[in-house]
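Report on one structure; see the data block that follows.
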Amino acid sequence: MKVLIISHVADLDGVMPVVLTGLAFSSYDYQLLDIAEVDSFFLERVNTDFFSSYDQIFLTDLGVSEEVAKVIDSSSWKDKFHILDHHKGNLFLNDYSFAEVVVSKGDILESGTSLYYQYLLKHHATKLLIQDSVSYMVSLTRLLDTWEWKKWDKKEALYLGTLLVFYGNKKFIENYLSFLKQNENFYFTDAEKVMIEADERKKQEYIEEKKQSMIVKKIASYQVGIVFAEQYVSELGNVLAETFQDQVDLVMIIRMGRSLSFRSVKEKVDVSLFAQHFHGNGHLHAAGAPLPEDLEDTIITHLIEGMIE
Ligand SMILES: [Mn+2]
């Protein structure tokens, strides 16, 4: 059986499904995409034999637009296709037989990884998949992605996210595939512990520096704290939203060349709705949006126009 897994490039919850795929199936390809790339990935291949060459196709921690969902629905391979996602903006996809979009079950917030793991246990359980080390990594991923780690102060979840940045997606996948095949229990190696500790210090400095550079603007009736940042985006957004909750309703992080991130800690501020102003999507207190394609060009042009002769 040959499997294709398409998942979110941006974080642990997107990358972990690839690791799970490697534990469940012997033959698979993977593709990690940004939200803005998903639709064109399907549209460019739907009229070729690309998808029909696989026995199962999974899309995790991501959704497609209504337009693309319709195209897939009339394709010959729709019965081999499964979407497992937890973004509330994608709930409309549940109208299609191939999608399972679940934000929460009872009071448990789901994540792309946790939903995919449940699916695999139900339909493709292997000895490896049911190991403690695997279910533990899945739970850390869910805790990180839903920011529930905070409730239990489960810092290991954060540290696993740190290791993903440290290794990079490809190396992380290779590393944990072999780790999980050899270890029934999860642990960080001594080298990883040293790295995590050093990174914790670096992160504190980075966050302190960004606190000083936040710009506040009123956007669509909200006071928005804006920063440019490349690293620690989720944690930074949450720290800023918490630290400045008297001044701002939400925080917008501009990650040049990548995306916009929105965070809030206020009960009444739904950043997934705010993100829609920027063609984005997400959850109540954490959302994202693509950047305009011409943004970098616009900035460069602006700089050149401002040049002194
Ligand atoms: Mn996710």
Side-chain angles (χ1 to χ4, degrees), residues 5-21 30-39 41 58-65 82-94 99-105 107-120 134-152 154 156-165 169 172-173 176 232-238 253 255 258-264 270-276 278-290:
I5 170 96
I6 305 157
S7 195
H8 194 193
V9 71
D11 57 30
L12 183 66
D13 192 39
V15 175
M16 200 53 203
V18 180
V19 177
L20 296 178
T21 303
Y30 74 84
Q31 185 78 45
L32 292 169
L33 301 176
D34 241 326
I35 297 169
E37 297 171 316
V38 182
D39 276 359
F41 182 86
F58 295 100
L59 179 69
T60 51
D61 198 34
L62 289 170
V64 293
S65 66
H82 312 275
I83 296 178
L84 293 142
D85 186 35
H86 67 128
H87 293 94
K88 125 177 147 162
N90 289 329
L91 281 168
F92 74 94
L93 288 169
N94 285 329
E100 191 182 332
V101 182
V102 182
V103 176
S104 60
K105 283 188 190 138
D107 50 9
I108 304 279
L109 288 170
E110 292 291 353
S111 73
T113 298
S114 62
L115 291 168
Y116 183 50
Y117 186 55
Q118 290 162 39
Y119 181 96
L120 289 177
V134 179
S135 63
Y136 192 70
M137 269 187 87
V138 169
S139 75
L140 291 181
T141 303
R142 190 190 70 79
L143 288 170
L144 179 65
D145 206 59
T146 58
W147 220 245
E148 257 188 31
W149 72 268
K150 199 116 207 220
K151 203 155 107 192
W152 318 103
K154 192 84 182 156
E156 275 182 302
L158 263 190
Y159 300 158
L160 194 59
T162 303
L163 286 182
L164 175 65
V165 176
N169 291 345
F172 182 91
I173 291 163
Y176 276 105
Y232 312 114
V233 171
S234 250
E235 223 183 326
L236 176 63
N238 280 281
I253 296 181
R255 201 175 175 190
R258 207 58 189 274
S259 57
L260 293 173
S261 288
F262 307 98
R263 293 292 184 279
S264 174
D270 183 343
V271 292
S272 73
L273 293 179
F274 188 79
Q276 287 175 7
F278 301 88
H279 308 287
N281 188 347
H283 314 286
L284 178 64
H285 284 156

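Note that ligands are numbered from 1 as they come in the structure, with each ligand's atoms numbered from 1 the same way.
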For this session: Provide the closest heavy-atom pair for L115 versus E100 in the form atom of the first, atom of the second, distance.
Result: CD1-O, 4.5 Å
Exercise. For D13, what is the atom name of its N, O or S atom nearest to the Mn ion (ligand 1)?
Worked result: OD2
Exercise. Closest to the Mn ion (ligand 1), which N/O/S atom of D145 is it?
Worked result: OD2
Exercise. For residues S234 and R263, is any side-chain donor paired with an opposing acceptor at under 3.5 Å?
Worked result: yes
Exercise. Would you call the rings of W149 and W147 parallel, tilted or perpendicular if under 30° counts as parallel and over 60° as perpendicular?
Worked result: perpendicular
For this session: Would you check if there is a donor-acceptor pair between the side chains of S7 and T60 at a distance under 3.5 Å?
Result: yes
Exercise. Would one find an N, O or S atom of D85, in either backbone or side chain, under 2.8 Å from the Mn ion (ligand 1)?
Worked result: no
Exercise. Angle subtended at the Mn ion (ligand 1) by NE2 of H86 and OD1 of D61, to 10 degrees?
Worked result: 80°
